[in-house]
> 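My structure is below; once you've seen it, I'll send some questions.
Residue numbers begin at 1 in each chain, while the letters A, B, ... track the order of the sequences.
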Amino acid sequence: MSLLKQKFLFLDCQTTGMRPPTGALLELGWGVASAEEQGAVMSRIVKLPEGHWLPGKVKEITGIRESMLEEGVAEEELLGLLDIACVSSEAAPALVHYAQFERAFLDDFFVRQGRELPFPFICTYRIARKLYPNVPSRNIRGILGYLGFPFREIKRAEAHVRATMEVWSELAKELAVLGIHDLAALNAWLEEKPKPKKKGAAPVKFEYRVDRMKRLELPPRPGVYRMISKSGDILYVGKATSLKDRVNSYFRGKKGRDPKKLEMMAQVWDLEVTECGSPLEAALLETDEIKRLDPPYNISLKAGRRELHFYNRDFTATSAEQSAEFCQGPHRSSNGIEQVRQLLGEVNEAQAKRVLYEPIAEETYASGYALFAAKNFPELAAPTARQLIALGMHSLRRLKKAAEVEEEAVEELMEEEAAATEEAEAAEAAESAEPLEELAVDLSPEEVAEKLDRVLLRAALDYRRAKGLTRMLNAEVRWQGAEGERVLRFRNGKMNADEPDGSEFPWRALGIQDYDRMSVLISEVQKGDYRVERYGGRA
DNA sequence: CCTGTATTGTCCGGTGGAAC
DNA sequence: GTTCCACCGGACAATACAGG
C-alpha cells in the first residue's frame, strides 16, 4: 500500500516523569490517520497509580492540574479504547514523534496489562532527522514550523497527536519524492547507514528557511525586527542598533545556543523590519509591538497578567488604580516595597522566607533582625513601612555621596535590584507551587542583617524609580542625531501624543504597557547622550 | 530542572606506503 | 630493512538534544 494512503495509529503520552519506574502515564492521546487524510483525535487522562503525583514542572509543561485527574480513566478502560483504535488502524504501526519516549511507557503499560505491545513504532523524529539533517531544532514545534504549519501552543496529548499527523503528512510527501512508497521501503531507508562521512569537509551549518539575501541586505541601522512563520505568525519581536548585525547574528554559529531560540529559528520563514531614527525609538517601538502582538517567543516586556500596584500614604494597602488614597506608584507586584511590608509582621522563619526568599533558621534570622534593628532604628520598637522606606532613602543618599568617589556602587545596586525583581517575578509567574526541597540556608546573623539592609535600599530604589517613571510621563527627550537635534515628546506616557496634561494622578488611566514604555525610556536615556526636560519647559 | 540515548570527539595502537 | 607519518578503526568520554 502507498505510504500516502497507509493508515497509522498516532500516539502521544504525557507522563509524570522520564521513565516508567519513576514516572507514570498521565495522559494518552491517539488517532488513526494517513498522510492524506487526518482522522479524529482522542485523549484520556489516566488515573495515577498509588505513590505517583503531579510534579509542578509537569503541570507547567502540560497544563494539566490536579483537579483534572478526577476525570482520569483506569488503565483497563484505556486498554479497551486503544484496542478499538488498533482495529480501525488495521493493526498498522504507531507513528510517534521521538518514539523512544512513548515506547518505554507503552511497553510498560501493556506488560502490566498482561499483553505485548501490539504494534511496532515508527519515529517521525528519526525520519525528519534523516530528511532534514540541519534543522536548528527537531523537536515537534521546531519541525512543525520548519514544515510551514502555523504556530500554536502544543501542551496536551491531543495537540501533540495532531502535530504529529501534520508533520507526517509533509514527511510522507518528501519520502515519495525520494522514491519511498511503502512501509518496507521506509523501514529499509531508516536502516541505511548515516553517510560515508567525508573527512575535513565543510563544518555543516544549520539550514534556515529565510531567504539569505533578505537578511544580508538589511540596513545597518536601528530598528525593530520581527521573526515570522510561513503562515504569518509573529514569533518574535526584537530591537537592534544595527538591524543587519542583530538579525544576522541569529543565523550564525551552531554550538552552545539557547535551545528555545533554536526552536524558534527552525520556524522562521520570513523577516520584517521597521527602521527607526535611533536606538531609543527602536526600543520604544519594540515594547509597544510586543504588547500588541504578544509573540510566543518573547519573554520580557510581555503584558501577561502583570498589573500596576499603587500604595496608600502609609504603605498599608494597595490598589491596581491610582487615586487620591492610593497615590504612590506605580510599582510592580513584586518589588522592594513589598519586601519591606513583609518586614512588619512577627519576626520568625516565615517572615525570613517572605522577605529574603530563602529558608533561614529561626534563631539566626531573629538575631540578624536584632542587629539590623539596633543599627537602623534603635529607638523604634515597631517601625512602620513608611519609616523603613525613609531609612532606605537615607542610606541611598549616603551611598550616593560615597559613590561620587566609588562610581560603581550605586549602579551595581541598581543592577542587583533589577535582577532580584526579575527573579521574584519569574518565581511568581512559574506558579509551579512545587514544595521545593527546603534546605535551610547557612547564614550568620551579620549576613542576615546585611541582607535586611539591602531590602531597605531596594525599597528606596523602587520608590525613587516610581518618581522617575512618573516624571517621564510628560517629558521631552533631546539628542544630537546625524542630521541635527532631534526631540521626542511624551504626554501622559504616550509618544508624540497631543493630549491635554493628565490629572494629578497621571497613572489613573495608564497600564503596564505605559509602565514598560517609561522604563524603556529611562534605561535607554541612561545609555546615551540624551537631555530630558519636563514637557513644555524651555531650555 | 532532570534523565536517557545517540552522536561526536579524542586518544590510541596498528597498518601500509613512500623514501632513504 | 628501517624509519617516518598519514590514516583507520575501536574504545571510551564528552556533549547535544529529545522528552516530561
> Below 4.5 Å, heavy atoms only, C-beta onward: do A/W168 and A/L3 meet side chain to side chain?
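A/W168 vs A/L3: side chains touch.
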> Under 4.0 Å, heavy atoms only, any strand: does A/T16 hit a base, just the sugar-phosphate, or nothing?
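Since no nucleic acid heavy atom lies under 4.0 Å of A/T16, the category is nothing.
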> For the residue pair A/F8 and A/F10, does the interplanar ring angle fall in the parallel (under 30°), tilted (30 to 60°) or perpendicular (over 60°) class?
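Perpendicular.
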> Measure CG/A/D107 against C1'/B/dG4 and give the value in whole Å, please.
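In whole Å, B/dG4 C1' lies 16 Å from A/D107 CG.
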> Do A/H181 and A/S2 meet the criterion of a side-chain donor-acceptor pair at a distance under 3.5 Å?
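Side chains of A/H181 and A/S2: no pair found under 3.5 Å.
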> To the nearest angstrom, how far is A/I154 atom CD1 from C/dA18 atom C1'?
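The answer, rounded to whole Å, is 14 Å.
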> Between B/dT7, C/dG20, C/dG19, which nucleotide has the shortest distance from any of its atoms to the side chain of A/R126?
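The closest nucleotide is B/dT7.
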> What is the distance, rounded to the nearest whole Å, between atom CD1 of A/I143 and atom P of C/dA18?
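Going from A/I143 (CD1) to C/dA18 (P), I get 9 Å.
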> Whole Å only: how far is the OH atom of A/Y125 from the P atom of C/dC17?
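Value for this atom pair: 8 Å.
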> Tell me which residues in residues 18-26 of chain A put a heavy atom below 4.0 Å from DNA chain B, sorted by number, or none.
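When residues 18-26 of chain A is checked for heavy atoms under 4.0 Å from DNA chain B, the hits, listed by number, are A/M18, A/R19.
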> Provide, to the nearest angstrom, the distance between the OH atom belonging to A/Y132 and the C1' atom belonging to C/dA18.
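It works out to 19 Å between those atoms.
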> Whether A/Q100 contacts B/dA6 is assessed here as follows: a side-chain N or O lying under 4.0 Å from the phosphate OP1 or OP2. Is that the case?
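Indeed, a polar side-chain atom of A/Q100 lies that close.
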> Once you round to the nearest 0.5 Å, how far does CZ of A/F105 lie from OG1 of A/T16?
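A/F105 CZ to A/T16 OG1: 6.5 Å, rounded to 0.5 Å.
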> Nearest-Å distance, CD (A/E102) to P (B/dT5)?
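After rounding, the reported distance stands at 14 Å.
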> Which residues satisfy the salt bridge (Lys or Arg N to Asp or Glu O under 4.0 Å) test with A/R517, sequence neighbours excluded?
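Result, salt bridge (Lys or Arg N to Asp or Glu O under 4.0 Å) vs A/R517: A/D288, A/D514.
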> What does A/R129 touch in the nucleic acid at a heavy-atom separation under 4.0 angstrom: a base, only the sugar-phosphate, or nothing?
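It contacts sugar-phosphate atoms only.
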> Show me the side-chain donor-acceptor pairs of residues 81-94 of chain A shorter than 3.5 Å, one per line, residues at least two apart or across chains.
unit_1	atom_1	unit_2	atom_2	d
A/D83	OD1	A/R115	NH2	2.9
A/D83	OD2	A/R115	NH1	3.1
A/S88	OG	A/A85	O	3.2
A/S89	OG	A/C86	O	3.1
A/E90	OE2	A/K7	NZ	3.4

> Does OP1 or OP2 of C/dG19 have a side-chain N or O of A/H160 closer than 4.0 Å?
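Answer is no, no contact under 4.0 Å.
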> Starting from C1' on C/dA18, measure out to NE2 on A/H97 and report it in whole angstrom.
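It works out to 8 Å between those atoms.
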> Tell me the interatomic distance from A/D12, atom CG, to C/dA18, atom C1', rounded to whole angstroms.
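Distance check: A/D12 CG to C/dA18 C1' gives 13 Å.
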> Can you see whether A/Y297 engages A/Q267 through a side-chain donor-acceptor pair at a distance of less than 3.5 angstrom?
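Side-chain D/A pair, A/Y297 to A/Q267: present.
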